2 protein chains.
Amino acid sequence: MAGIHTIAETERQVSLVLGSKALDFESMAVVANIFRASNNLRNHLERSVLQAHNLSWTGFVVLWVVWIWGPVETREVARESGISKGTLTGVMKTLEGRGYLVRDRGKTDGRLVDVSLTKAGSALMDGLFPQFNQEEAQVASVLSSQEKADISRLLRLIASHTAKA
Amino acid sequence: MAGIHTIAETERQVSLVLGSKALDFESMAVVANIFRASNNLRNHLERSVLQAHNLSWTGFVVLWVVWIWGPVETREVARESGISKGTLTGVMKTLEGRGYLVRDRGKTDGRLVDVSLTKAGSALMDGLFPQFNQEEAQVASVLSSQEKADISRLLRLIASHTAKA
DNA sequence: TCATTATTGTTAGCATCCAAACGACCTAAG
DNA sequence: CTTAGGTCGTTTGGATGCTAACAATAATGA
């Protein structure tokens, strides 16, 4: 994938291992680079901004979703955050334990749970998000405005194409 | 981020919550879409190809790296795979337990461990990788050849920019 | 009205993921 | 030869991540 070896080295080695079989190196590069960039981004943003607040990437994303759209039902938080409902339950438990959000069983539908931020949670996001966005800007500063628009559009195509049915 | 609400809806709501503060929506979109595409890709490839072989995404990546470059030292496998050494130890333990790879303590440097695939591991990759690459091609088929080159290049810029010092 | 089907959030089991600390080993300098 | 500093892989603790199964609740249709 996209590690310490160059693309050319990797392709050469893959051809050695697989012989003359037809391979789609272009698509391989797309997948590898999406994954590598995402990994590096997540680690970078966790180290540079989130760790100081003892927040994981996903913890932050969940707080962000509830901060922006709350009060909001857990099924919507899971979808908006891109994680499963089971994972969300665990992450909410962690954030609830830290005093950042609360859960309330729905009044009209006993199956539903509403999530909202506490005062501490809102205060945290008010202070943290501008820093986070600043670091996002720093990270994306290697791209021009047009490149940012292009890459967002192309990634959205791929994300839509691979979204669960 | 890039969930059930549109970009425009999200931007409008963020402006409502934060008021007139300056925000870099372009960079926000870049980060959100990288993360969402990566998430969807990983889940899609796990569901469509890897799950049938009881492999996780990272298990597959580690097998792939060892298949292509093996025998190879664990520190190189971790770097090439984009995971920490601690995580790699756990993943190797899982794959070793399934009989796909073996570890050998280095003969000349007692700190180092060499990793290589077993016959079963090689056979698995010989059969699995062409399927995986075919699905990679299917996933990336929404992009033209030029777009694949463009997006790979831009992602590589971001990945390099955010790589650990 | 009631049985059946569907949906929700939680739980269990298993896998991953990180940072930090640790023991073992290697290198360099005095 | 000894000591200090560095590197390696593993372990620990805590967090995440998935799927499937479950109990509780709601919706549907006969």
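Quick note on labels: first sequence line is chain A, next is B, and so on, each numbered from 1. Predicted, not measured: the structure shown is a model, and the values here were computed from it.
Per the geometry, CG belonging to A:Leu50 stands 12 Å off P belonging to D:dT16, to the nearest Å. In this structure, B:Glu76 atom CD and D:dC8 atom P are separated by 10 Å, rounded to whole Å. Between the CG atom of A:Asp104 and the P atom of C:dT8 there is a distance of 19 Å, rounded to whole Å. For B:Asn54 and C:dC14, the CG to P distance is 11 Å, given to the nearest whole Å. Regarding B:Leu41, its CG atom lies at a distance of 14 Å from the P atom of D:dC18, rounded to whole Å. Look at CZ on A:Arg111: it is 4 Å from C1' on D:dA26, rounded to the nearest Å. Here the C1' atom of nucleotide D:dG6 and the CG atom of B:Asp109 are 12 Å apart, to the nearest Å. Distance A:Leu88 CG to C:dG9 C1': 9 Å, rounded to the nearest Å.
At the heavy-atom level, A:Gly86 lies under 4.0 Å from base atoms of the strands shown. Residue contacts for A:Gln51: at a heavy-atom cut-off of 4.0 Å it reaches the sugar-phosphate backbone alone, with no base atom in range.
Ring geometry for B:Phe129 versus B:Trp64: interplanar angle of 30 to 60°, hence tilted. Ring geometry for B:Trp57 against A:Phe35 counts as tilted: the plane angle lies between 30° and 60°, on a 0 to 90° scale.
Put simply, the side chain of B:Gln13 gets close to the backbone of A:Ile68: a donor and an acceptor are under 3.5 Å apart.
Here B:Lys85 does not reach the OP1 or OP2 of D:dT11: none of its side-chain N or O atoms lies under 4.0 Å away. Close to D:dT16, at under 4.0 Å from its OP1 or OP2, lies a side-chain N or O of A:Ser56. Residue A:Arg79 has no polar side-chain atom (N or O) positioned under 4.0 Å from OP1 or OP2 of C:dG9. For the pair B:Arg98 and C:dA15, the criterion of a side-chain N or O lying under 4.0 Å from OP1 or OP2 is met. Taking only side-chain nitrogens and oxygens, A:Lys93 never comes nearer than 4.0 Å to OP1 or OP2 of C:dG9. Between C:dT16 and B:Thr94, a contact under 4.0 Å exists linking OP1 or OP2 to a side-chain N or O. The shortest distance between the side-chain N/O atoms of A:Thr87 and the OP1/OP2 oxygens of D:dG17 is not below 4.0 Å.
In this structure, A:Arg75 and B:Thr58 both approach DNA chain C, and ranking their closest nucleotides by distance from the 5' end singles out A:Arg75. Heavy-atom distances to DNA chain C give each of A:Arg103 and A:Asn43 a nearest nucleotide, and the one nearer the 5′ end belongs to A:Arg103. In terms of position on DNA chain D, the residue among A:Leu95 and A:Lys107 whose nearest nucleotide sits closer to the 5' end is A:Leu95.
Few gaps surround CD on B:Glu135; more than 12 heavy atoms of other groups in view lie less than 6.0 Å from it.
In the set D:dT11, C:dG9, C:dC17, D:dT11 carries the atom at the smallest distance from any side-chain atom of B:Thr89.
Ion pairing of B:Glu147 with A:Arg153 is present here, as a side-chain N (NZ or NE/NH1/NH2) and a carboxylate O approach within less than 4.0 Å.
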